[in-house]
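All remarks here apply to the structure that follows.
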Protein chains: 2
Amino acid sequence: MTGQVRTVDGRVAGRRGQATRQKLLDCLSEMLSSSPYRDVKVIDVARKAGTSPATFYQYFPDVEGAVLELAEEMAKEGAELTELVSGRSWVGKAAWQTSVQLVEGFLDFWRRHDAILRVVDLGAAEGDKRFYKIRMKILTSVTNSLADAVKDLQSKGKVDKDVSPAAVAGSLVAMLAAVAAHQKGFTTWGVKQAELKPNLALLVHLGITEKKPIK
Amino acid sequence: MTGQVRTVDGRVAGRRGQATRQKLLDCLSEMLSSSPYRDVKVIDVARKAGTSPATFYQYFPDVEGAVLELAEEMAKEGAELTELVSGRSWVGKAAWQTSVQLVEGFLDFWRRHDAILRVVDLGAAEGDKRFYKIRMKILTSVTNSLADAVKDLQSKGKVDKDVSPAAVAGSLVAMLAAVAAHQKGFTTWGVKQAELKPNLALLVHLGITEKKPIK
DNA sequence: TCGGTAAGCTGACGGCATGACAGGACAAGT
DNA sequence: ACTTGTCCTGTCATGCCGTCAGCTTACCGA
């Protein structure tokens, strides 16, 4: 469906072309990790990749376009997040397990992709629909699964009827994303990495089940 | 202690100078609201303010410097957030009131300053200490107050001892900030503005007291 | 009223990034 | 060797950056 990779001027890219294209993306990713988004220039990426700016423009319309590409790549990888919540139990001791694993998986994913996720978050907050869609793609599976869990507990009468499953699930996921993005910030409040996770898991558990966890 | 406003080359700014300086800040603020941070150029801000780029550089080292200034202004205004939590009760029905008011005040503040806060968030996430400090300044009062509330409930035996007050408070505040920044995102999941607030308040209440609210 | 002084502003300039193009290098098949 | 299509780069016009010298304006004391 997606078909081949194409250059800006419409040619299909061959083996060599794909390689340089990928190299440009890799270098861009490195640059995003090491310098502020605002200061990432085409010429720097090209230099780092050992090629010329003109080459960059053959594959991407601009820096933003290339970033979108990186983000799409990451979004595909984000499918793994689904496994953290789908088909898990939210009852008894298992619920605590589920919470902990969700938190760990989520923080880990965010740490692996923090540079690109920062930019996606910014773009989404600025109202750019393309970034917004990518952000959704990553979060939506987790959010929906959590919402389903809440609905399920509601149908069993374990959670109040006037709770909005989508609102609660979305808020919890937003919390995980925000904490992951500002992990360093917590150390300033004297919060160690190790104690952050269980407390996040506690909040997730409380939010979904409305009960203290059984450990 | 702070003394007078100074130009980049060391002169003290008079009435007129302060006025243009402020005008530049105002125009920058507008530009941040209407176009992506990456695309905000000195020349555009200057044009909008009816002055020349050279004038801009008399008052600010670069766009980032001016943004920091705007952020400082906002941080001062952020003192009002303290009132949302300091000296409030977290027991019984009052706790629900407190939760609701905290959520409403927080979301409102974020909506009023969303453009700057986006940039501050980005800068902080990128590890820029200056932005990071400003973000702290805004959030720290709320976070500390919430942490105190948790400690207080712990001392009364109403909350488990192994909960880290700072971690829980920080995470809840991060959640509020994230939800505020991506409010539009929730509408896509079919969550209305109106139902978002009570559900956030519920999560805050659960996180602090570990109990369902009494409404 | 009249300089004197410092504040305030801008035109102009070298430097660099952008983005487009045409043409040359290269690989593969014939 | 020749052709074909892919791939890369030199070059160029354009526009923003950031600085400086120099001009204008406001204030103030004599």
Side-chain angles (χ1 to χ4, degrees), chain A residues 2-32 34-70 119 123, chain B residues 2-28 30-32 34-70 119 123 130:
Chain A
T2 72
Q4 316 106 317
V5 179
R6 286 183 171 275
T7 59
V8 167
D9 55 336
R11 277 204 290 274
V12 289
R15 266 194 307 281
R16 195 150 73 106
Q18 299 238 7
T20 43
R21 196 186 122 102
Q22 192 56 49
K23 183 159 200 175
L24 284 168
L25 283 178
D26 292 343
C27 291
L28 171 59
S29 181
E30 272 188 63
M31 299 243 60
L32 284 176
S34 60
S35 51
Y37 178 47
R38 201 167 196 282
D39 299 341
V40 172
K41 307 289 180 191
V42 169
I43 199 168
D44 296 322
V45 177
R47 254 201 291 266
K48 203 179 179 79
T51 179
S52 81
T55 303
F56 182 96
Y57 287 107
Q58 227 173 19
Y59 295 105
F60 311 104
D62 50 22
V63 172
E64 208 185 64
V67 167
L68 272 168
E69 208 67 24
L70 273 178
V119 181
Chain B
T2 72
Q4 317 105 317
V5 179
R6 288 185 169 275
T7 60
V8 167
D9 55 336
R11 279 202 291 272
V12 289
R15 268 194 304 282
R16 194 151 74 107
Q18 301 238 6
T20 41
R21 196 187 122 100
Q22 193 56 50
K23 184 158 198 175
L24 284 167
L25 284 177
D26 292 344
C27 291
L28 172 58
E30 272 188 62
M31 299 242 59
L32 284 176
S34 60
S35 52
Y37 179 45
R38 204 168 193 285
D39 299 341
V40 172
K41 307 289 180 191
V42 169
I43 199 169
D44 296 322
V45 177
R47 256 200 290 265
K48 202 178 180 79
T51 179
S52 82
T55 302
F56 182 96
Y57 286 106
Q58 230 174 15
Y59 296 104
F60 311 104
D62 50 22
V63 172
E64 208 185 62
V67 167
L68 272 169
E69 208 67 24
L70 275 178
V119 181
R130 299 165 305 171

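Residue numbering restarts at 1 for every chain, and letters A, B, ... go by the order of the sequence lines.
- Across every non-hydrogen atom of B:Y37 and B:L32, the tightest pair is CD1-CD2, 3.7 Å.
- The residue B:T20 sits close only to the backbone: its heavy atoms come under 4.0 Å of sugar-phosphate atoms, none of a base.
- Atom CD in B:Q22 sits roughly 17 Å away from atom C1' in C:dG8 (whole-Å rounding).
- Computed from coordinates, the A:R47 CZ to C:dC16 P distance equals 10 Å when rounded to whole Å.
- A close approach under 4.0 Å does not occur between any side-chain nitrogen or oxygen of B:T55 and OP1 or OP2 of C:dC9.
- OP1 or OP2 of C:dG8 has not a single side-chain nitrogen or oxygen of B:T7 nearer than 4.0 Å.
- At its two ends the helix from C:dT1-D:dA30 to C:dT30-D:dA1 runs along axes set 10° apart, each axis drawn from five pairs and the angle rounded to 10°.
- Rounded to an integer number of Å, the gap from B:L24 CG to C:dT10 C1' is 14 Å.
- Rounding to whole angstrom units, CZ of residue A:R38 and P of C:dT18 are separated by 13 Å.
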Pick out the pairs of N or O atoms, protein on one side and nucleotides 18-26 of chain D on the other, that lie under 3.5 Å.
unit_1	atom_1	unit_2	atom_2	d
D:dG18	OP2	B:Y57	OH	2.8

Considering only distance and modelled atom types, tabulate donor-acceptor pairs under 3.5 Å from the side chains of residues 44-52 of chain B, sequence neighbours left out.
unit_1	atom_1	unit_2	atom_2	d
B:D44	OD1	B:R47	NH2	3.4
B:T51	OG1	B:T55	OG1	3.0
B:S52	OG	B:A54	N	3.4
B:S52	OG	B:T55	OG1	3.4

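- Side-chain N/O atoms of A:S52 include none lying less than 4.0 angstrom from OP1 or OP2 on D:dG10.
- One atom, CZ of A:F60, and another, P of C:dA20, lie 15 Å apart when rounded to the nearest Å.
- Nucleic acid contact class of B:Y59 (heavy atoms, under 4.0 Å, all strands): sugar-phosphate only.
- When all heavy atoms are compared, the tightest approach of A:G65 to A:P61 is CA-CG, 4.1 Å.
- For the pair A:F56 CZ and D:dG10 P, the interatomic distance rounds to 18 Å; values are reported in whole Å.
- D:dT14 atom C1' lies 15 Å from atom CD1 of A:I43, rounded to whole Å.
- Whole-Å rounding puts the A:K41 NZ to D:dG15 C1' distance at 13 Å.
- Considering every non-hydrogen atom in both B:F56 and B:L24, the closest pair reads CA-CD1, 3.9 Å.
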